[in-house]
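Since the structure comes first, as structure tokens, the remarks are kept for the end.
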Amino acid sequence: MLTAMQINVATADDWPAIWPFLREIVAAGETYTYPRDLSEERAREMWMLAPPSRTVVAVDDEGTVLGTAKMNPNHMGPAAHVASASFMVDPRVSGRGIGRALGTYVLDWARSEGFRAMQFNAVVETNTRAVALWKSLGFTVIGTLPEGFQHPTKGFVGLHIMHRAL
């Protein structure tokens, strides 16, 4: 566990620290439905959200970016009361509670913004650490799209839809 961590709203100045681990995670092709060859420009557009959505960074006491999350309405119009979010933690610091801290932050944000629930649309079933984390934070798997994700070593695996009321 980290002794000191702060979660801040991300700024353009944070992107150069986010991009290397985001690129590494996406290129591995094991946990995100993004194209493995995602360009930096497109990644920045997809990750650095403008208000009322939000992107945050978790930083240590020296200001090093350890992880990031983006949060937003899952849908528009009459379904805009359900939030969604995505998370990435630098693999070099995984297992230190950063994902849990970001998850708790996102749930608090969604509640404070008046969302009634949070839904994750595509949690790769073989990403067992993420599935266990979200379950520990009150999410349930409400459905699985069979063979919805082509894992680079495990072949076609399911994509969980996970939900939690707020």
Side-chain angles (χ1 to χ4, degrees), residues 1-2 7 10 14-49 53-58 64-76 79-80 82-107 109-110 115 117-166:
M1 290 291 189
L2 291 173
I7 298 175
D14 293 313
W15 180 251
I18 296 169
W19 171 239
F21 67 84
L22 187 147
R23 177 181 59 221
E24 177 183 343
I25 292 166
V26 170
E30 297 177 349
T31 55
Y32 277 85
T33 60
Y34 300 157
R36 293 176 75 181
D37 62 352
L38 184 66
S39 72
E40 181 176 4
E41 180 180 344
R42 182 69 179 121
R44 187 183 315 111
E45 289 171 7
M46 292 168 55
W47 200 263
M48 301 296 284
L49 302 180
S53 297
R54 179 178 287 183
T55 301
V56 297
V57 290
T64 302
V65 174
L66 308 168
T68 181
K70 67 174 185 155
M71 57 217 82
N72 49 273
N74 197 16
H75 296 288
M76 299 180 286
V82 177
S84 191
S86 296
F87 306 82
M88 291 205 189
V89 173
D90 187 329
R92 285 163 283 287
V93 294
S94 68
R96 298 186 190 175
I98 299 158
R100 178 171 299 281
L102 287 166
T104 300
Y105 178 97
V106 166
L107 288 167
W109 172 85
F115 289 97
M118 182 164 283
Q119 176 180 316
F120 301 148
N121 301 319
V123 181
V124 179
E125 71 180 350
T126 55
N127 188 357
T128 56
R129 288 179 67 187
V131 172
L133 172 60
W134 304 138
K135 284 182 175 180
S136 77
L137 290 174
F139 286 83
T140 58
V141 175
I142 60 170
T144 302
L145 176 61
E147 297 189 350
F149 185 84
Q150 188 173 4
H151 191 282
T153 61
K154 298 177 182 177
F156 289 97
V157 299
L159 279 177
H160 292 322
I161 301 166
M162 299 187 78
H163 173 268
R164 182 199 157 140
L166 299 173

Would you give me the side-chain donor-acceptor pairs under 3.5 Å for residues 157-164, sequence neighbours excluded?
{"unit_1": "His160", "atom_1": "ND1", "unit_2": "Thr144", "atom_2": "OG1", "d": "2.7"}
{"unit_1": "Arg164", "atom_1": "NH1", "unit_2": "Leu137", "atom_2": "O", "d": "2.5"}

- request: Can you tell me which residue pairs pass the side chain to side chain donor-acceptor pair (under 3.5 Å) test with a partner in residues 122-138, sequence neighbours excluded?
  value: Arg100-Ser136
Contacts of type side-chain contact (heavy atoms from CB on, under 4.5 Å), residue Ala110, not counting sequence neighbours: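 Residues passing side-chain contact (heavy atoms from CB on, under 4.5 Å) with Ala110: Ala83, Phe115, Met118, Leu166.
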Applying side chain to side chain donor-acceptor pair (under 3.5 Å), name anything that partners [X], two or more places apart in sequence or on another chain.
X: Trp47; answer: Thr68
X: His151; answer: Thr153
X: Asn74; answer: Asn121
X: Glu41; answer: none

Could you state the interatomic distance from [atom1] ([X]) to [atom2] ([Y]), rounded to the nearest 0.5 Å?
X: Leu38; Y: Met46; atom1: CG; atom2: CE; result: 5.5 Å
X: Ile98; Y: Leu66; atom1: CD1; atom2: CG; result: 4.5 Å
X: Leu107; Y: Met71; atom1: CG; atom2: CE; result: 10.0 Å
X: Ile18; Y: Thr55; atom1: CD1; atom2: OG1; result: 7.5 Å

query: Of all residues at least two apart in sequence or in a different chain, which pass the salt bridge (charged side-chain N to carboxylate O under 4.0 Å, His left out) check with Arg44?
result: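 Listed in chain order: Glu40.
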message: According to salt bridge (charged side-chain N to carboxylate O under 4.0 Å, His left out), who are the partners of Asp14, at least two apart in sequence or on a separate chain?
response: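 Asp14 satisfies salt bridge (charged side-chain N to carboxylate O under 4.0 Å, His left out) with no residue once adjacent residues are dropped.
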message: According to ring-ring contact (aromatic ring centres under 6.0 Å, His included), who are the partners of Trp15, at least two apart in sequence or on a separate chain?
response: Trp19
task: Taking all non-hydrogen atoms of both residues into account, name the closest pair between Ala69 and Val106 and its distance.
output: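 Taking every non-hydrogen atom into account, CB-CG2, 4.0 Å.
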- prompt: What pair of heavy atoms forms the shortest contact from Gly99 to Val89, and how long is it?
  reply: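 Looking at all heavy atoms of both residues, the shortest contact is N-CG2, 3.8 Å.
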query: Counting only N and O atoms by type, is there a donor-acceptor contact under 3.5 Å from the side chain of Ser84 to the main-chain atoms of Asn72?
result: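 No, because the side chain of Ser84 does not come within donor-acceptor range (under 3.5 Å) of the backbone of Asn72.
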- request: Could you check if a side-chain atom of Pro152 sits within less than 4.5 angstrom of a side-chain atom of Arg36, using non-hydrogen atoms only?
  value: yes
Which side-chain N or O atoms in residues 20-31 pair as donor and acceptor under 3.5 Å with protein atoms at least two apart or in another chain?
{"unit_1": "Glu24", "atom_1": "OE1", "unit_2": "Arg92", "atom_2": "NH1", "d": "3.0"}
{"unit_1": "Glu24", "atom_1": "OE1", "unit_2": "Arg92", "atom_2": "NH2", "d": "3.3"}

